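Working notes, structure below.
As a basis for the values below, the full set of heavy atoms in this structure was taken, side chains included, without hydrogen atoms, waters or symmetry mates. Keep in mind that this is a model prediction, so the values were computed, not measured. Just so you know, ligand 1 is whichever comes first in the structure, and atom 1 is the first atom listed for that ligand.
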Amino acid sequence: MSKFNKDLGVIGLGYVGLPLVVESCNAGLKVFGYDNNSPKVESLKKGTSQIEDISDVSLKETLEKGLIISDSPEELNDCEHIVISVPTPLTDYQPDLSYVKAAASTIAENISKEQVIILESTTYPGTTIEVLIPEIESISELKAGKDFYVGYSPERIDPGNKTWNFKNTPKIVSGIDEASASKIKTFYEKIIDEVVLVSGTKEAEMVKLLENTYRHVNIAFINELAILCNMLEIDIWEVIEAAKTKPFGFESFRPGPGVGGHCIPIDPNYLSFKTRQIGKPVRFVELAQEINNTMPTYIVSRILEMMNSLQKPMKNSNILILGVAYKKDISDIRESPSIKIIENLHSKGVNVSYYDPFVDSIKINASVKINTSVKKEKITKNFNSYDLILFHTAHTEFSSINFEEIDVPIFDATGTDYLSNSERI
Ligand SMILES: NC(=O)c1ccc[n+]([C@@H]2O[C@H](COP(=O)([O-])OP(=O)(O)OC[C@H]3O[C@@H](n4cnc5c(N)ncnc54)[C@H](O)[C@@H]3O)[C@@H](O)[C@H]2O)c1
């Protein structure tokens, strides 16, 4: 019989933490969610979800089932397992672990003996042992491995992915010792179909960085090839489709306007931060960053070419951007390449408008004026009032637009199959 009244406490209720509390509650666990953003907590408590993968209906259902959400952390001390899912951004291009440290001190102030503490935030190898544990031990005066259990389990959630979800995506788990590893594995087996145990927390931390750096590097590679193919007058999309027919040894990646979100543009920096401590840069990461970061400028240069060939000046032209989120069917605009594209177009005197069914407003440089969030009805009736349309994010909703009827040049930065009459990246 556990001495705790709750199975799980989660610190940080964002893209990672909210699905975790909802799915765990649905799996029959008693769950407590804590977030220090009070307005967000108020809205979650009313059943308003801020992420697409959790509907208001399913959030409300879990609240009715007993999910507790709060902006006060005290009840954490009654939770057998505590998961940390707070942001790990870059500040001045360096890993910023201040949120992880703040979560660690919150735990230390509310800790109970025998609790199982699991870090899920993405970070560099060594964080659990070098940063998380010392922070908890110094405040609580308890000892990891003796008084409480600790481990690391990277979150692999892919927001908006309808095939691979919270439950069927295998979960990597680890512990600082055998007892911690075993407790953590048993816990995740209650909520996730397949749990994969690795030998230590550093290995688990590194798994996440391998996965995301792999994507980052391969996206950069295909982006570079797309630019080169355009210069060689070769259709990169046809080449990719043909290469995909090889049944082994080839995984396809697609070119695009750049990388966005809280993971791919950021996580590889955590890897290079760690390797620089031993005097070695990760050369692939640096090259990939350089290439992916130039993609928004490349898109603008292609738009400029199109406008030139139409004998239209960029200055005072009207350009509509369809989709500003960093990927399809979600509202996340963190690090979205659309932001750099908008700023660049604006600096060339373009009147920029956008329509994105998921994004009502977008934060850009204050001096940049944009016709924000043009309404759908207005957009679909007035396509022809623009000089050019940039198709930036291939939201499913856009597949219902009849692009054939639009008599405006379109530049497609996504290679979607909705568009047959466009210039492609
Ligand atoms: N978004 C993704 O798709 C994704 C996927 C895998 C891993 N990750 C990683 O998971 C972590 C969380 O990412 P996210 O996208 O969920 O972030 P998010 O910004 O959506 O959510 C984080 C939440 O933590 C809260 N918070 C911050 N500091 C806190 C504190 N001290 N105490 C309590 N709450 C606090 C914030 O208010 C916010 O609601 C990051 O390390 C990220 O790299 C994210």
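Looking from atom 37 (O) of ligand 1 to the surrounding protein, the closest heavy atom is Asp35 OD1, 2.6 Å. Nearest protein neighbour of atom 10 (O) of ligand 1, counting heavy atoms only, is Val16 CG2, 3.4 Å. When hydrogens are left out, the protein atom nearest atom 11 (C) of ligand 1 is Val86 O, 3.3 Å; that is the closest non-hydrogen contact. For atom 41 (O) of ligand 1, the closest non-hydrogen atom on the protein side is Thr88 OG1, 2.5 Å. Shortest contact from atom 9 (C) of ligand 1 to any protein heavy atom: Thr122 OG1, 3.4 Å. The nearest heavy-atom contact from the protein to atom 28 (N) of ligand 1 is Tyr99 CD2, 3.5 Å. The closest protein non-hydrogen atom to atom 19 (O) of ligand 1 is Arg334 NH1, 3.5 Å.
If you check each of Leu97, Asp53, Asn36, Ile84 against atom 35 (C) of ligand 1, the one with the closest non-hydrogen atom is Asn36. Counting heavy atoms only, Glu155 comes closest to atom 6 (C) of ligand 1 of the residues Lys101, Glu155, Lys40.
Considering backbone and side-chain N/O atoms, Asp267 never comes within less than 3.5 Å of an N/O atom of ligand 1. Considering both main-chain and side-chain atoms, Tyr15 comes within under 3.5 Å of ligand 1 through a nitrogen or oxygen pair. The shortest N or O to N or O distance between Arg156 and ligand 1 is not under 3.5 Å. Of the polar atoms of Pro87, none of the N or O atoms is found under 3.5 Å from an N or O of ligand 1, judged by distance alone. For ligand 1, none of its N or O atoms has an N or O atom of Glu120 under 3.5 Å away. Considering both main-chain and side-chain atoms, Lys208 never comes within under 3.5 Å of ligand 1 through any nitrogen or oxygen pair.
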Would you please test His262 and Tyr15 for ring pair (Phe, Tyr, Trp, His ring centres under 6.0 Å) and show each step? CA-CA 10 Å; His262 184 28; Tyr15 282 91; 8.9 Å; no
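Of the candidates Lys274, Lys101, Lys202, Lys274 is the only one forming a salt bridge (Lys or Arg N to Asp or Glu O under 4.0 Å) with Glu130. Applying the side-chain contact (heavy atoms from CB on, under 4.5 Å) test between Cys25 and each of Val31, Leu8, Asp7 identifies Val31 as the sole match. Between Phe391 and the choices Tyr355, Phe403, Phe383, the ring-ring contact (aromatic ring centres under 6.0 Å, His included) rule is met once, by Phe403.
Of the heavy atoms in Pro154, none comes closer than 4.0 Å to ligand 1. Contacts with ligand 1 closer than 4.0 Å are made by side-chain heavy atoms of Pro159 only, the backbone lying farther away.
Note: Phe253 and Tyr214 have perpendicular aromatic rings, judged against thresholds of 30 and 60 degrees for the angle between ring planes.
The closest donor-acceptor contact from the side chain of Thr275 to the backbone of Lys280 lies under 3.5 Å.
Between the side chains of Glu205 and Thr123, no donor N or O sits under 3.5 Å from an acceptor N or O.
The ring pair (Phe, Tyr, Trp, His ring centres under 6.0 Å) analysis of residues 112-148, with sequence neighbours excluded, yields the pairs Tyr124-Phe273. Residue pairs meeting the ring pair (Phe, Tyr, Trp, His ring centres under 6.0 Å) criterion with at least one partner in residues 38-62, sequence neighbours excluded, are absent.
Summarising the geometry of Tyr99 relative to Pro87, their closest heavy-atom pair is CB-O, 3.3 Å, with the distance given to 0.1 Å.
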